Every structure is written in structure tokens, then in C-alpha cells.
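From a predicted model like this one, the values you see are computed outputs, not experimental measurements. No hydrogens, no waters, no symmetry mates; every other heavy atom, side chains included, goes into these values.
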Amino acid sequence: MDRLQKYILRNLSTLFLSIFLPLFAIASVIFLIKLAAYTAIIQLTIWEMTKLYLFVLPQILFYTLPITFFIAATLSLFKLSNDNEIIVLFALGIEPKFLIKTLFKPAFLLSIILAFDFFVLFPHSTVLSRNFVSYKKSEAKFNLAASEFGNSFGDWLLYLGGKKDDGTYYKVFLFNKKGKEEILISAKKAEIINDSGILRLKLTNGEGYSYSTKKLSQVNFKTMMINDTLKTHLDPYEEPLEYWLSKYRHKNKVKMFITDTLLSLFPIISLFIVIAIGVVQVRHQKSRVYLYLFISIALYYGVTVGLQSILHFYTIPALSLTWLAVTYFIYRKTIVNKF
């Protein structure tokens, strides 16, 4: 029996890889096109694009793995049926439940991985991705141009004489008018610092003048820090449980939790329909395996999304139990009663 299980699983793994790699590549291209849209707003290096891709990698894996397993498991049984190997097994007295036991282990392991992916990795990658984009947007707001007028830093008008290779600026002038008081600052060197989402302009070796109708004052400085009034919004990282229970974007999280829970259960609660579709008598049955695969996936995903607004969290037990019952009935009628 162990050799037989290994043989079936070897066929499954071969088909799994041949299906997963194209699906993964297509999903990656779609996400990369979506990430490329950020370049219209912010400047990204190749390494930064790679980081953003790594942040969405858990999502890509989550949505491709269950579909891949469902298709691969069905087609591996269908291939064995076409070669009459499944029929020979049944003729030797091996019952259909042997196939259930064989596929249960990889299906259960995949469901555990998917649950860990969405419950633990999703919060971490989502927060990191959102903060990274916010960070880059804050930098984009201050894409300063040297030797040009019209630059600004918060409430300050800013002129930069030039930019050095190390990213610092020289011959810097800032002007600010508050009511009747006007402030002018000049510095030999300036550097923009992003400290946890707060932009600071570090001035070195300069002079500051404050004048109004009544007085004029001057100050010399070696170092001066000017904070920008606009603070980048960075989400603090939360533990997975705190992330799911927090009220921030609560409705979206509820929908995601329901959908992702049911997608995590999909491999393990679809074993009956996998066998019902994949095991056929080639001589007596006209196979419509690809049509049944499409209908099964579309029906499960469609009902998952459609019932959420009606049953809310009860969608999880309602759909999973109903799916199990219906697919078991089909399995009994098409497989058990015949073999």
C-alpha cells in the first residue's frame, strides 16, 4: 500500500509543479504590473520593486496553491483512469476510500500552510507594504530640484544652489513669513532626513535672520533641524490577532477573513469532488473533467463571496458543511455505487 500511495503522490507532485509554475508566473506578472503603477507616483529602484514583490508574495501563493492542488489532484486521478490503472486497483479489491486517505495528507498539510499564510503572514506583509509605499510617497513630495525656484519644505520656500553626489545640497536659502514677521535662513549645506515618516531638513554652517517692522535679529548656527509639518502615516505593526480584531478597516478585514478561511479549507473539503470528477471509466463515460473543474471552482468561489453579505461569519460553517455534504453525495452516487 505504501508503494501504491507513493506512486499516486508522485503523479500528483509532477502535475502539481507543471500547473503551479505557470499559474504562479501569471499571477506574479499581474502583481508586478500593479506594482509598476506606483512608479507614476514614486521613484523605485530594482531592489525596492523586489521588496514590494516580496510583500505581496504571500498573497500570490495563497490564491494559486489551492487552485493548483484541486486541479492537479483531479487530473492525476484522471490520467490514472485513462491508463486504466484506477480500474485495476478497484478490481483488485481496493476501495475508493483508499484514494481519500492518500490525498488527505497533502490536502491537510496544504490547508495548514494556507491558514498560517493568511492569518500570520498577511498582517505582517500588508503593514510592511503599506508603510513602505507611504514612506516612498513622503519622499516623492520633496523631490527637490537644484538651481530652480518653486521648491518648498512644509511652510518654507526653499532655494538650492546645487546637489552633490552624496545627496546633500549646498548654497541653501529658506524663507518663511508668519504675519508681520519674516524669517530668512541661509546655510552652506543641507540634507533631507526621513526619520520614521517625519521629514527633517538638516542645515549645516549657516545664518538666520528674523525681521519685522520693529526689530531685526540674527543668529549663527553650526547645525539646525527643520521639521516638515506633514507627517507620513505609518501603521504600527500589530500581532496577528490584534490585527484581525482591530477596528481599522474592520469591514474589509471581516470579508477577507471569511474568504481566506474558506479558501484555506478548500483543499481538504474538496477531496470527494476531486475523486468524483477524476475517476472515470473511459470506455463508458464521456469525460468532461475540465468543464467540471471550472464549474466546481467558480461555484465555490462565487458562493463564498455571495453569501458573506447575508450570513457573515456563519458563511464559514454553512458553506463548508454544505459543500462536504453535496460533494459526498456526488461521490457516493458516481464512485462508491459503481466501484
Side-chain angles (χ1 to χ4, degrees), residues 2 4-28 31 54 56-80 96-125 240 244 256-279 289-290 292-305 315-317 319-328 330-331:
D2 289 340
L4 184 56
Q5 286 184 335
K6 290 179 181 179
Y7 177 72
I8 295 174
L9 293 178
R10 187 163 58 248
N11 279 272
L12 170 62
S13 61
T14 302
L15 272 172
F16 184 91
L17 286 175
S18 64
I19 296 170
F20 171 73
L21 293 177
L23 281 179
F24 180 78
I26 293 171
S28 296
F31 274 92
L54 293 176
V56 300
L57 187 58
Q59 298 181 45
I60 297 175
L61 293 174
F62 183 84
Y63 293 114
T64 54
L65 284 175
I67 296 177
T68 302
F69 176 81
F70 181 73
I71 296 175
T74 304
L75 292 183
S76 63
L77 294 179
F78 179 69
K79 179 178 178 296
L80 294 175
K97 64 182 180 181
F98 172 79
L99 298 177
I100 296 288
K101 292 179 180 179
T102 302
L103 296 177
F104 178 80
K105 292 180 181 178
F108 179 76
L109 179 61
L110 180 58
S111 291
I112 295 296
I113 293 174
L114 292 173
F116 176 80
D117 190 345
F118 97 83
F119 188 78
V120 177
L121 296 183
F122 265 29
H124 186 66
S125 61
W244 290 110
M256 184 185 298
F257 184 85
I258 295 171
T259 302
D260 292 353
T261 300
L262 286 168
L263 293 185
S264 299
L265 294 173
F266 182 63
I268 201 169
I269 65 176
S270 297
L271 293 180
F272 292 125
I273 196 65
V274 164
I275 296 175
I277 298 174
V279 177
V289 59
Y290 296 103
Y292 294 150
L293 280 172
F294 174 78
I295 292 175
S296 299
I297 294 173
L299 183 63
Y300 188 86
Y301 278 59
V303 175
T304 297
V305 176
T315 304
I316 298 173
L319 179 57
S320 57
L321 293 176
T322 303
W323 185 260
L324 266 177
V326 172
T327 55
Y328 180 72
I330 297 173
Y331 163 78

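Applying the side chain to side chain contact (heavy atoms under 4.5 Å, CB included) test to T315 and every residue at least two apart in sequence or in another chain returns I258, L262, L307, L311. The side chain to side chain contact (heavy atoms under 4.5 Å, CB included) check on F31 picks up V56, Q59, I60, with sequence neighbours excluded. With sequence neighbours excluded, the residues that form a salt bridge (Lys or Arg N to Asp or Glu O under 4.0 Å) with K97 are E95. For the side chain to side chain contact (heavy atoms under 4.5 Å, CB included) test, residues two or more places apart in sequence or in another chain that qualify with Y301 are P66, I67, L263, I297. When the side chain to side chain contact (heavy atoms under 4.5 Å, CB included) test is applied to V326, the partners found at least two apart in sequence or on another chain are T322, I330. When the side chain to side chain donor-acceptor pair (under 3.5 Å) test is applied to T68, no partner is found at least two apart in sequence or on another chain. By the ring pair (Phe, Tyr, Trp, His ring centres under 6.0 Å) test, F24 pairs with F20, sequence neighbours left out. Residues satisfying the ring pair (Phe, Tyr, Trp, His ring centres under 6.0 Å) criterion with F70, sequence neighbours excluded, are F266.
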Enumerate donor-acceptor pairs with a distance under 3.5 Å from any side-chain N or O in residues 102-118 to protein atoms, sequence neighbours excluded.
from, atom 1, to, atom 2, distance (Å)
T102, OG1, F98, O, 2.8
S111, OG, A107, O, 3.2
S111, OG, S264, O, 2.8

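Atom-to-atom distance recorded for S270:OG and F69:CZ is 9.0 Å, nearest 0.5 angstrom. Taking CG of D260 as the start and CZ of F62 as the end, the distance is 4.0 Å to the nearest 0.5 Å. With rounding to the nearest 0.5 Å, the separation of OH in Y290 from OG1 in T74 is 10.5 Å. Rounding to the nearest 0.5 Å places OG of S13 at 12.0 Å from CD1 of I8. In this structure, L99 CG and Q5 CD are separated by 10.0 Å, a value rounded to the nearest 0.5 Å. The distance from atom OG of S320 to atom CG of L265, rounded to the nearest 0.5 Å, is 6.0 Å.
Across every non-hydrogen atom of A72 and L12, the tightest pair is C-CD1, 3.6 Å. The two residues T327 and L324 come nearest to each other via the heavy atoms OG1-O, 3.1 Å. The two residues F119 and W244 have their closest heavy-atom pair at O-NE1, 3.1 Å. The two residues P96 and I275 come nearest to each other via the heavy atoms O-CD1, 4.3 Å.
Counting heavy atoms from C-beta outward, Y331 and L271 have side chains that stay 4.5 Å or more apart. Using a 4.5 Å heavy-atom cutoff, the side chains of I100 and F272 are in contact. Using a 4.5 Å heavy-atom threshold, the side chains of L65 and F16 count as touching.
Looking at I277, N11, V274, L15 one by one, the single match for side chain to side chain contact (heavy atoms under 4.5 Å, CB included) with L77 turns out to be V274.
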- Under the side chain to side chain contact (heavy atoms under 4.5 Å, CB included) criterion, do I273 and Y300 qualify, and how do the steps go? CA-CA 12 Å; I273 196 65; Y300 188 86; over 6 Å; no

